[in-house]
Amino acid sequence: MITVHDRLGRLVRQAQAHGRIPAVSVALHRADRPLWTCAVGGTGNDTPLGPETVFRIGSVTKTFTAVLVMQCRDEGLLDLDDPIGRHLDLPAHGELTVRRLLSHTAGLQREPHGDVWDSLRAPDVTELLADLARVERVLPTGRRYHYSNLGMALLGELVARLRGGTWAEVLAERVLAPLGLTATGPTPDERAATGFLVDAYSDEARPEPNTDFGAVAPAAQLWSTAPDMARWAAFLADPAALDPAGAVLAPATLDEMRWPLTTTDETLWAGGFGLGLILVPQQGRVMHVGHDGAMPGFLAAVYGRRGGDGTAGAMGCAVLGSSGTGVPVFELPHALLAAAAEHDPADIEPWRPGAPAPEHLRGLLGRWWGEGFEYVFSWHDGALRARAADEPAGKPPAVFAPLPDRPDVFRTVSGREVGELLRLTRDERGAVVRMHWATYRFTRHQETFEGYDFRAGS
């Protein structure tokens with residue numbers, strides 16, 4: 001009998017062999033199963049390959065910097081629409097906003113001034129900031145997505161200045177320690193794999209140098225293990241499961257970070273970018289959220305899974321590889337997450353009867369009509385909900401919360417028309433006879449905008 005772990009392991013072995021990757025380490029985290037790990041190949045040095053092997057994770061680092069920025073926002077230290085020059089003394093580009101830099105829509109050039117990838121010498125903070133006067137705005141701000149390591153480096157320095165420490169110190173104190181990511185840090189240790197470039201026309205693998213990224217560390221410096229990164233991916237997808245008290249970040253803030261602000265390709269809408277996070281939509285209203293990473297000798301892909309049948313809580317996958325050209329690393333976490341949800345789906349919780357709807361709301365439950373279309377209002381899980389009658393079952397409903405001082409007025413807190421008000425109108429007996437949602441009139445029968453009721457004929 002083929003088990004789900006057999007299937008997952010085969011996918012890992014295929015990727016390692018087809019990608020000719022000296023070492024691949026994988027971990028799959030989910031709330032309802034033990035951690036699953038798989039390692040194929042060798043470290044390229046005297047240390048054995050296993051779940052504890054450390055790899056460079058490259059631009060996955062950006063997700064940590066983004067969380068640090070959002071912590072500052074939540075604590076009132078900055079606003080996302082602040083120009084970064086309000087907090088850093090910059091010789092140029094200080095008008096670019098925090099939000100634009102987080103979403104790679106500021107138009108700033110990709111790298112710091114100079115040929116960093118030729119010299120493999122990154123600037124220190126003083127150089128980085130001073131050289132901004134020589135840096136280009138390669139696109140108008142807000143025109144389109146344009147990836148920038150330089151922009152993320154500036155955000156890392158912003159966090160450091162606001163917190164009164166280095167970026168690495170702030171990261172360790174405010175994210176790594178609270179989430180138990182003990183194997184993650186800015187420098188490799190004795191457990192590190194060697195990173196390679198594999199020759200395109202032979203089986204030779206040549207070691208790549210380990211570079212210190214200096215002031216650009218907030219964009220790509222970190223090293224980690226697959227188990228640590230699978231846990232991080234699970235946090236990005238389902239923070240309430242790993243951080244129920246919101247000590248690192250409130251779940252609502254992660255929701256904000258996961259909202260797509262731009263597509264990464266204007267013709268193929270296969271991926272988007274939020275606030276520091278890559279968004280990869282899947283079939284069945286599923287979203288994979290995380291980031292890829294690349295540094296000399298290493299590739300990484302770290303994604304959490306949200307939505308869809310079979311998806312477990314706190315579901316995250318990390319794939320770390322020791323080849324700078326082993327591109328199957330980038331597709332493997334998506335395949336593993338999909339296979340796990342399909343072949344080992346989350347357990348189905350049995351439905352149980354719950355408390356009735358409040359007496360003053362029972363009369364409004366059922367079918368209503370608005371703009372000529374039929375809707376169903378219901379009470380489930382302690383909240384008023386609504387959905388179009390012909391909507392697919394997997395589409396989330398609108399959910400309403402009452403205003404504390406106005407019992408017949410509700411705020412839409414999720415789903416369709418989020419943020420808008422729902423107002424109830426009652427007759428002299430107290431029965432709800434009409435509603436207005438986002439100012440559109442809802443009635444028990446289908447009516448024209450002028451109020452003609454087809455059932456009554458008037």
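Note that this is a predicted model, so its numbers are computed, not measured.
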**Study point:** Test side-chain hydrogen bond (donor to acceptor under 3.5 Å, both in side chains) applied to Thr187 and Trp223, step by step
**Key:** CA-CA 6 Å; Thr187 56; Trp223 297 70; over 6 Å; no
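- Under a 4.0 Å N-O distance rule, the pair Arg258/Asp255 qualifies as a salt bridge.
- Taken from OG1 in Thr311 to CE in Met287, the straight-line distance is 12.5 Å, to the nearest 0.5 Å.
- Glu420 is linked by a side-chain contact (heavy atoms from CB on, under 4.5 Å) to Thr412, Glu417, Ala438, counting only residues two or more places apart in sequence or in another chain.
- Residues passing the side-chain contact (heavy atoms from CB on, under 4.5 Å) test with Ala300 are Ile57, Val60, Leu320, sequence neighbours excluded.
- Checking side-chain atoms of Gln109 against main-chain N and O of Glu136 turns up a donor-acceptor pair under 3.5 Å.
- The backbone N or O of Val4 lies less than 3.5 Å from no partner atom in the side chain of His343, so there is not a single donor-acceptor pair.
- In summary, the side chains of Thr264 and Tyr147 do not present any donor paired with an acceptor at a separation below 3.5 Å, with no hydrogens or angles considered.
- Checked against a 6.0 Å centroid threshold, the rings of Phe213 and Trp117 count as neighbours.
- Remark: of the listed residues Leu28, Val302, Leu332, Leu28 is the sole one forming a side-chain contact (heavy atoms from CB on, under 4.5 Å) with Cys317.
- Remark: Glu75 CD is packed, more than 12 non-hydrogen atoms of other residues, nucleotides or ligands lying under 6.0 Å away.
- Here the closest heavy-atom approach between residue Val399 and residue Ala383 is recorded as CG1-CB, 3.9 Å.
- When the side-chain contact (heavy atoms from CB on, under 4.5 Å) test is applied to Val409, the partners found at least two apart in sequence or on another chain are Leu403, Arg406, Leu421, Arg423.
- Remark: side-chain polar atoms of Thr263 are not paired, donor with acceptor, to backbone N or O of Trp269 under 3.5 angstrom.
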Per-pair distances, 0.1 Å, donor-acceptor, side chain in residues 245-252, under 3.5 Å, sequence neighbours excluded:
none

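- A distance-only check finds a donor-acceptor pair linking the side chain of Asn45 to the backbone of Ala192 [under 3.5 Å].
- Taking both residues in full, the closest heavy atoms of Ala346 and Ala312 are given as CB-CA, 3.7 Å, listed atom of the first, atom of the second, then distance.
- Residues Gly9 and Trp36 share a closest heavy-atom pair of N-CZ2, 3.8 Å.
- Residue pairs satisfying the salt bridge (charged side-chain N to carboxylate O under 4.0 Å, His left out) criterion with at least one member in residues 181-193, sequence neighbours excluded, are listed as follows: Asp189-Arg191.
- Sorted pairs that involve residues 305-315 and meet salt bridge (charged side-chain N to carboxylate O under 4.0 Å, His left out), not counting sequence neighbours, are lacking altogether.
- Closest non-hydrogen pair, Ala205 versus Pro207, comes out as O-CD, 3.9 Å.
- Here CD of Glu173 is found 9.0 Å from CD of Glu169. Values are rounded to the nearest 0.5 Å.
- Judged by distance alone, the side chain of His87 and the main-chain N or O of Asp82 form no donor-acceptor pair under 3.5 Å.
- Taking CZ from Arg387 and OG from Ser378, the interatomic distance works out to 8.0 Å, rounded to the nearest 0.5 Å.
- No donor-acceptor pair under 3.5 Å is formed between the side chain of Arg174 and the backbone N or O of Val67.
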Solution key, residues 149-158 side-chain donor-acceptor pairs under 3.5 Å, sequence neighbours excluded:
{"from": "Asn149", "atom 1": "OD1", "to": "Lys62", "atom 2": "NZ", "distance (Å)": "2.5"}
{"from": "Asn149", "atom 1": "ND2", "to": "Glu111", "atom 2": "OE1", "distance (Å)": "3.3"}
{"from": "Asn149", "atom 1": "ND2", "to": "Glu111", "atom 2": "OE2", "distance (Å)": "2.8"}
{"from": "Glu157", "atom 1": "OE2", "to": "Arg161", "atom 2": "NE", "distance (Å)": "2.6"}
{"from": "Glu157", "atom 1": "OE2", "to": "Arg161", "atom 2": "NH2", "distance (Å)": "3.3"}

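- Side-chain atoms of Asp228 come within 3.5 Å of backbone atoms of Ala183 as a donor-acceptor pair (strictly under, hydrogens ignored).
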Exercise for review: Dump the intermediate steps for side-chain contact (heavy atoms from CB on, under 4.5 Å) on Ile278 and Val280, then the final yes or no.
Suggested key: CA-CA 7 Å; Ile278 294 176; Val280 185; 3.9 Å; yes
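- By the 4.0 Å N-to-carboxylate-O rule, Asp79 lies too far from Arg73 to be salt-bridged with it.
- Counting non-hydrogen atoms of other residues, nucleotides and ligands closer than 6.0 Å to CG of Asp46 gives a total of 12 or fewer.
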Check your understanding: Could you walk me through whether Glu256 and Leu80 pass the side-chain contact (heavy atoms from CB on, under 4.5 Å) check?
Key -> CA-CA 12 Å; Glu256 185 179 355; Leu80 293 184; 3.7 Å; yes
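- Separation of atoms CG (Leu261) and CG (Leu102) is listed at 9.0 Å; rounding is to 0.5 Å.
- Here the closest heavy-atom approach between residue Ala339 and residue Leu8 is recorded as CB-CD2, 3.8 Å.
- Panel note: side chain Glu208, backbone Arg206; no donor-acceptor pair is recorded below 3.5 Å.
- Nearest heavy-atom pair across Ala234 and Leu242 is CB-CD1, 4.0 Å.
- One side chain, Arg134 or His113, offers a donor N or O that lies under 3.5 Å from an acceptor on the other.
- Contacts of Thr253 classified as side-chain hydrogen bond (donor to acceptor under 3.5 Å, both in side chains), with partners at least two apart in sequence or in another chain: Asp74.
- In this structure, the separation between OG1 on Thr63 and OH on Tyr303 is 10.0 Å, given to the nearest 0.5 Å.
- Glu127 and Arg121 are joined by a salt bridge, as a carboxylate oxygen and a charged side-chain nitrogen come within less than 4.0 angstrom of each other.
- Aromatic ring orientation, Trp437 versus Tyr375: perpendicular (interplanar angle above 60°, classes split at 30° and 60°).
- Classified by interplanar angle (parallel below 30°, tilted 30° to 60°, perpendicular above 60°), the ring pair Phe400/Phe377 is parallel.
- Every residue two or more places apart in sequence or in another chain was checked for a salt bridge (charged side-chain N to carboxylate O under 4.0 Å, His left out) with Asp265, and none qualifies.
- A donor-acceptor pair is defined here as one N or O able to donate and one able to accept, closer than 3.5 Å; such a pair exists between the side chain of Ser322 and the backbone of Ala23.
- With hydrogens and angles disregarded, a donor-acceptor distance shorter than 3.5 Å links the side chain of Arg20 to the backbone of Asp199.
- Note that CE of Met70 is 13.5 Å distant from OG1 of Thr65, once rounded to the nearest 0.5 Å.
- Pairs of residues two or more places apart, or lying in two chains, that qualify as side chain to side chain donor-acceptor pair (under 3.5 Å) and include a residue from residues 211-222 are Arg56-Thr211, Arg56-Gln221.
- Relative ring orientation between Tyr145 and Phe273 is described as tilted, the plane-to-plane angle lying within the 30° to 60° band.
- A salt bridge links Asp347 and Arg33; the closest N-O separation between the charged side-chain nitrogens and carboxylate oxygens is under 4.0 Å.
- When the salt bridge (charged side-chain N to carboxylate O under 4.0 Å, His left out) test is applied to Asp32, the partners found at least two apart in sequence or on another chain are Arg30.
- By the side-chain contact (heavy atoms from CB on, under 4.5 Å) test, Thr141 pairs with Leu96, Arg100, Arg137, sequence neighbours left out.
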